[in-house]
Amino acid sequence: MPELPEVEVIRRGLAPRLRGRRFNGVAEGPHRLRRQSPAPDFSRWLPGRRVLDLRRRGKYLLLDLEGGATLLFHLGMTGRLLLTPGPPPPLPHVHLTFRLEGGLALLFQDVRRFGQALIFPPGMDLTPLEQVGREPLSPQVTARRLAKMARGRFRPLKNFLLDGRIMAGIGNIYASEIMFAARLHPAAPVGSLSPADWRRLLRHTRRILRAAIARGGTTINDYLDSHGRTGLFQLDLLVYGRHGEACRKCGAAIERLNQGGRSTFFCPCCQTPGAEQGREGRPDGACDAPFDNVSK
DNA sequence: CACCCCACCTGCGTGC
DNA sequence: TGCACGCAGGTGGGGT
């Protein structure tokens, strides 16, 4: 579930309440996450240590602890980090309960258990981050660099966007939204994009990620922030989950495509392969749609 | 190396 | 009502 914007919203929600706060202890649930440190490791490095800062890398959330240890979280598809002021409520699927000073409890709840919670002792490499690509919201990513990484490659644009080793943090929802905004077809071989395509793609990537953060993320089914609140960006989605509905720009029916076992949503009219040049300068809604599309 | 595919889980909506 | 099936925001390991 949580992509870059959702993890960033969680980070911003937790940071002011966790900074400077000491961990007391940890309790495990009956089931383990896909990757989860053994309880003795948490017990060794958490109790008595203060949280110095919270960082995000891609979809990973990192808590820097006093003394140099790092607590790393990944929320997988359905993970939540909930901070409760008092005794934690008896919620289902809570796999870790971190107790902090002042009576706070940080709960890791995850229905599908694809999430990760790992403690790294001081000085140890954060191995999960080694493969994480550059931050799309940082100047480290440039259109030129993306074009270079795509040169000579034939993989579909959608797969390229979802490849976290290239740009970190883009998931299935925002990939579709970004390609729609940039008017690029999800199956387009990445090596075929022009420099202008890459500039447009990066510009919309940043715009959409920032807008989603400002809206508190996207809640489809499960996502809640650290206060237990939903996001609002689902109201701004233009293609994701809108299979069969009318494109908001041209009226054509949004289509669903299966790429690598995952759904991609796109407008067959606005995102026609190779049609970009011919459309420059034309207003929205002026693509050559098949006819029964300005409807509903 | 580049790329594909499935496994890992539970829950929910749909259609028969 | 019940049941089978498909699908869901993520990685990561193994195969071609």
Side-chain angles (χ1 to χ4, degrees), chain A residues 1-10 29-36 56-61 72-81 91-96 108-118 126-133 148-179 186-192 208-209 212-213 215-226 229-237 239-244 255-265:
Chain A
M1 137 185 57
E3 305 182 30
L4 184 154
E6 289 73 33
V7 178
E8 180 61 20
V9 169
I10 289 169
H31 301 283
R32 302 184 69 71
L33 301 169
R34 192 149 81 110
R35 302 178 76 184
Q36 177 178 323
R56 181 189 56 72
R57 270 292 280 132
K59 299 169 192 168
Y60 289 91
L61 183 67
L72 174 149
F73 293 115
H74 191 291
L75 300 178
M77 296 273 261
T78 52
R80 295 171 178 166
L81 281 170
L91 300 171
H93 306 297
V94 171
H95 305 109
L96 287 166
F108 195 117
Q109 184 186 36
D110 187 357
V111 170
R112 293 176 72 182
R113 285 189 273 135
F114 290 169
Q116 306 178 35
L118 298 168
L126 304 180
T127 48
L129 301 188
E130 284 170 4
Q131 296 285 76
V132 177
K148 186 179 170 188
M149 296 184 83
R151 193 170 302 146
R153 309 277 168 81
F154 291 88
R155 62 195 303 205
L157 175 59
K158 166 77 178 308
N159 299 32
F160 185 87
L161 283 178
L162 283 187
D163 187 341
R165 294 167 303 185
I166 295 166
M167 269 193 291
I170 297 170
N172 211 38
I173 295 178
Y174 297 110
S176 282
E177 296 299 310
I178 289 164
M179 292 183 290
V190 280
S192 72
I208 287 171
L209 295 178
I213 292 168
R215 288 282 243 158
T218 300
T219 299
I220 304 290
N221 287 314
D222 303 301
Y223 169 70
L224 297 178
D225 71 13
S226 62
R229 297 182 300 221
T230 70
L232 289 172
F233 195 74
Q234 64 276 14
L235 303 174
D236 296 336
L237 296 177
V239 286
Y240 184 85
R242 300 193 64 244
H243 173 58
E255 291 184 9
R256 175 162 66 183
L257 191 64
N258 191 301
Q259 294 182 288
R262 317 195 65 196
S263 289
T264 308
F265 300 88

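Every chain is numbered from 1, with letters handed out A, B, ... down the list of sequences.
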Requested in this report: Find the distance A:Met77:CE to C:dA8:P and express it as a whole number of Å.
Outcome: 8 Å
Query raised in the report: Looking at A:Lys59, does any N or O in its side chain come under 4.0 Å of the phosphate oxygens OP1/OP2 on C:dT11?
Result: yes
Query raised in the report: A:Arg155 side chain N/O closer than 4.0 Å to the phosphate oxygens (OP1, OP2) of B:dC3?
Result: yes
Requested in this report: Give a yes/no on whether any side-chain N or O of A:Tyr240 is located under 4.0 angstrom from OP1 or OP2 of C:dG9.
Outcome: yes
Query raised in the report: Is the count of non-hydrogen atoms from other residues, nucleotides or ligands lying under 6.0 Å from A:Arg32 atom CZ greater than 12?
Result: yes
Query raised in the report: Given atom CZ of A:Phe108 and atom P of C:dG10, what is their separation to the nearest angstrom?
Result: 14 Å
Query raised in the report: Taking the C1' atom of each, how far is C:dG12 from B:dG11, in whole Å?
Result: 23 Å
Query raised in the report: Separation of A:Ile166 atom CD1 from B:dC3 atom C1', in whole Å?
Result: 11 Å
Report summary line: The Watson-Crick or G-U wobble partner of B:dC1, with both key distances under 3.5 Å, is none
Query raised in the report: Within the structure shown, what part of the strands sits under 4.0 Å from A:Gly261 by heavy-atom distance: base, sugar-phosphate, or nothing?
Result: nothing
Query raised in the report: How is A:Tyr60 classified with respect to the nucleic acid when contacts are heavy atoms under 4.0 Å: base, sugar-phosphate, or nothing?
Result: sugar-phosphate
**Report entry** side-chain N/O A:Gln116 vs C:dG12 OP1/OP2, d < 4.0 Å
**Finding:** yes
**Report entry** A:Ile220 CD1 - C:dG9 P separation (whole Å)
**Finding:** 9 Å
Query raised in the report: Quick one: A:His243 NE2 to C:dA8 P, roughly how many Å, whole number?
Result: 11 Å
Query raised in the report: So, A:Phe114 and B:dC9: ring centres less than 5.5 Å apart, planes less than 30° off, yes or no?
Result: no
Query raised in the report: What is the nucleic acid contact for A:Thr219, judged by heavy atoms within less than 4.0 Å: base, sugar-phosphate only, or nothing?
Result: base
Query raised in the report: Quick one: are A:Asn172 and A:Leu162 in side-chain contact, heavy atoms under 4.5 Å?
Result: yes
Query raised in the report: So among A:Phe108, A:Phe73, A:Tyr60, which one has a side chain to side chain contact (heavy atoms under 4.5 Å, CB included) with A:Gln116?
Result: A:Tyr60
Query - Donor-acceptor pair under 3.5 Å, A:Arg35 side chain vs C:dT11 base - result: no
Query raised in the report: What is the pairing partner of B:dC9, taking Watson-Crick or G-U wobble pairs with both distances under 3.5 Å in any strand?
Result: none
**Report entry** Residue-phosphate contact under 4.0 Å: A:His93 side-chain N/O, B:dC9 OP1/OP2
**Finding:** no
Query raised in the report: Would you say A:His74 and A:Pro128 make side-chain contact, with heavy atoms under 4.5 Å?
Result: no
Report task. Taking atom C1' in both B:dC3 and C:dG9, compute the distance separating them and give it to the nearest angstrom. Result -> 23 Å
Requested in this report: Would you indicate whether the side-chain heavy atoms of A:Leu118 and A:Thr127 approach each other to under 4.5 Å?
Outcome: no
Query raised in the report: So does A:Arg262 get a side-chain nitrogen or oxygen closer than 4.0 Å to the phosphate oxygens (OP1/OP2) of B:dC5?
Result: no
Query raised in the report: Taking OP1 and OP2 of C:dA8, is either one under 4.0 Å from a side-chain nitrogen or oxygen of A:Asn221?
Result: no
Query raised in the report: Of all the choices, B:dA7, C:dG9, B:dT10, which nucleotide is nearest to the side chain of A:Arg113 once you look at every atom?
Result: B:dT10
Report task. Respond yes when some side-chain nitrogen or oxygen of A:Thr78 is under 4.0 Å from OP1 or OP2 of B:dT10, and no when none is. Result -> no
Query raised in the report: Has A:His31 got a side-chain N or O lying under 4.0 Å from the OP1 or OP2 atom of B:dC9?
Result: no
Query raised in the report: Taking the side chain as C-beta and beyond, is there a heavy-atom pair between A:Lys158 and A:Leu161 under 4.5 Å?
Result: no
Report task. Could you please name the partner base of C:dG9, counting Watson-Crick and G-U wobble pairs only when both distances are under 3.5 Å? Result -> none
Query raised in the report: So does A:Arg112 reach the base of B:dC9 with its side chain, donor to acceptor, closer than 3.5 Å?
Result: yes
Query raised in the report: Does any donor atom in the side chain of A:Tyr174 or A:Glu6 lie under 3.5 Å from an acceptor atom in the other side chain?
Result: yes
Query - Value in whole Å for how far the P atom of B:dA2 lies from CG of A:Asn159 - result: 14 Å
Report task. To the nearest Å, give me how far apart CZ (A:Arg151) and P (B:dA2) are. Result -> 14 Å
Query raised in the report: Nearest-Å distance, CG (A:Leu162) to P (B:dC4)?
Result: 12 Å
Query raised in the report: What distance, rounded to whole Å, do you find between the two P atoms, one in C:dC5 and one in B:dA7?
Result: 16 Å
Query raised in the report: OP1 or OP2 of B:dA2 sitting under 4.0 Å from any side-chain N/O of A:Arg153?
Result: yes
